[in-house]
Amino acid sequence: RFVASVREIVGEGAGPDREGQTESLKSIDDRQSDTANGAKSIARIKLIESLGARFWRSKRVAVIGLAVFVVAAAPVAYITWESLRGKSVGAINSIAVLPFTNADPNTEYLSDGITESLINSLSQLSQLKVIARTTAFHYKGKDPDPRTLGREHKIDAVLTGKVVQQGDSLHVQADLVNTSDGSQIWGERYNRKLSDIFTTQEEIARQITDRLRLRLTNGERKQITKRYTENFDAYQHYRIGRNYAEKRTGESYQKAIEHYKQALDLDPNYALAYIGLADAYYLG
């Protein structure tokens with residue numbers, strides 16, 4: 001049943017009852033407005049939070065995607081770079097090491113020694129064909145055109161060099177030339193102490209293999225840095241003996257024997273000196 005109190009409002013005019021009704025309605029409207037505004041504010045906050053969450057999720061996805069792309073693209077980029085680098089150098093599968101020049105006949109044994117050492121070291125590499133010493137030394141004292149050598153001996157590159165000794169200093173210039181067009185593939189100048197000749201020879205051989213991008217086995221890496229003696233004085237006597245032996249006369253063989261013996265006195269385990277001594281006795 002309906003038990004609320006009822007009052008009759010007469011007409012549309014103003015009055016206490018009318019004003020009370022109006023104030024009551026305003027109060028209700030205000031409360032409804034506040035409620036609506038509060039709901040809108042909450043909705044805005046939730047929208048901002050939702051957009052922020054989406055932004056950070058999209059940012060994380062972008063970062064993860066970028067990382068995956070970099071990891072996936074790295075091998076492709078490396079292969080492409082290697083391919084472009086290979087095109088700039090060209091395939092070098094064969095080489096001739098020409099006798100290094102030396103303006104001083106008294107130290108010619110040093111330039112010949114560096115040449116022979118490089119021929120021996122590079123010939124140990126299965127990926128590289130190296131012209132024999134006898135053929136290479138045929139051009140000693142000459143200045144052949146690399147392109148002509150390339151056609152005559154079917155080789156891809158020629159290594160030339162120059163040696164200058166000044167007191168205890170050794171200056172070596174080495175250049176690798178492409179025989180197809182005569183362009184320089186690589187070049188380096190070494191300023192070292194005379195006693196560092198072993199290190200210089202090894203460094204030249206190693207830089208050539210690096211420039212030609214040859215993949216060496218562990219055994220081949222050891223071969224290009226192999227030393228037959230650690231005694232520089234013994235090495236000098238051996239090289240001087242070799243130079244005398246190259247003259248192939250009775251007197252020159254005797255000189256060679258003397259130097260081979262001095263080399264062995266300094267290093268009794270110097271195998272090359274024993275070989276040179278045996279040859280000098282046999283041929284002399």
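As the structure is a prediction and not an experimental result, all values here were calculated from the model.
- Remark: of the listed residues Tyr228, Tyr260, Tyr238, Tyr238 is the sole one forming a ring-ring contact (aromatic ring centres under 6.0 Å, His included) with Tyr270.
- Checked for salt-bridge contact, Arg239 and Glu116 meet the test: a charged N lies under 4.0 Å from a carboxylate O.
- Residues in residues 148-199 take part in these ring pair (Phe, Tyr, Trp, His ring centres under 6.0 Å) pairs, two or more places apart or across chains: Tyr139-His153, Phe198-Tyr235.
- Taking both residues in full, the closest heavy atoms of Glu202 and Thr225 are given as OE2-O, 3.4 Å, listed atom of the first, atom of the second, then distance.
- The 12-atom threshold is not exceeded at CZ of Arg147, counting heavy atoms of other residues, nucleotides or ligands nearer than 6.0 Å.
- Side chain of Gln262 to backbone of Ala234: no donor-acceptor contact under 3.5 angstrom is found.
- A distance of 10.5 Å separates OG in Ser111 from CD in Gln165, rounded to the nearest 0.5 Å.
- To the nearest 0.5 Å, atoms CD1 (Ile204) and CD1 (Ile114) are separated by 6.0 Å.
- Within the 3.5 Å criterion, the main-chain N or O of Asp196 finds a donor-acceptor partner in the side chain of Thr200.
- For Asp279, there are no side chain to side chain donor-acceptor pair (under 3.5 Å) partners at least two apart in sequence or on another chain.
- In this structure the side chain of Glu258 never reaches within 4.5 angstrom of the side chain of Tyr244, judged on heavy atoms.
- With sequence neighbours left out, Glu251 forms a side chain to side chain donor-acceptor pair (under 3.5 Å) with no residue at all.
- Contact record, Leu122 with Ala205: CD2-O, 4.3 Å, taken as the closest heavy-atom pair.
- By the neighbour-count criterion of 12 heavy atoms within 6.0 Å, atom CG of Asp143 is sparsely surrounded, having that number or fewer from other residues, nucleotides or ligands.
- Leu212 has its side chain within reach of Leu176: a pair of non-hydrogen atoms, C-beta onward, lies under 4.5 Å apart.
- Residues meeting the side-chain contact (heavy atoms from CB on, under 4.5 Å) test with Asp265, sequence neighbours left out: none.
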Name every donor-acceptor pair, under 3.5 Å, that has one atom in a side chain of residues 92-101 and the other anywhere in the protein, sequence neighbours excluded.
from: Ser94; atom 1: OG; to: Asp156; atom 2: N; distance (Å): 3.0
from: Ser94; atom 1: OG; to: Asp156; atom 2: OD2; distance (Å): 3.3
from: Thr101; atom 1: OG1; to: Gly161; atom 2: O; distance (Å): 3.4

Residues Glu188, Arg206; criterion salt bridge (charged side-chain N to carboxylate O under 4.0 Å, His left out); working and verdict: CA-CA 12 Å; Glu188 190 69 52; Arg206 185 166 52 249; over 6 Å; no

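- Considering only heavy atoms from C-beta on, Leu159 stays 4.5 Å or farther from Asp175 through its side chain.
- One finds the NZ atom of Lys154 at 11.5 Å from the OG1 atom of Thr179 (value rounded to the nearest 0.5 Å).
- A distance of 4.0 Å separates OG1 in Thr148 from CG in Asp145, rounded to the nearest 0.5 Å.
- Side-chain atoms of Ser121 and Gln223, non-hydrogen and from C-beta on, never get closer than 4.5 Å to each other.
- Atom NZ of Lys255 has 12 or fewer neighbouring heavy atoms from other residues, nucleotides or ligands inside a 6.0 Å radius.
- Scored by the side-chain contact (heavy atoms from CB on, under 4.5 Å) test, Tyr274 finds Leu264 as partners (sequence neighbours excluded).
- In summary, the side chains of Asn231 and Thr229 do not present any donor paired with an acceptor at a separation below 3.5 Å, with no hydrogens or angles considered.
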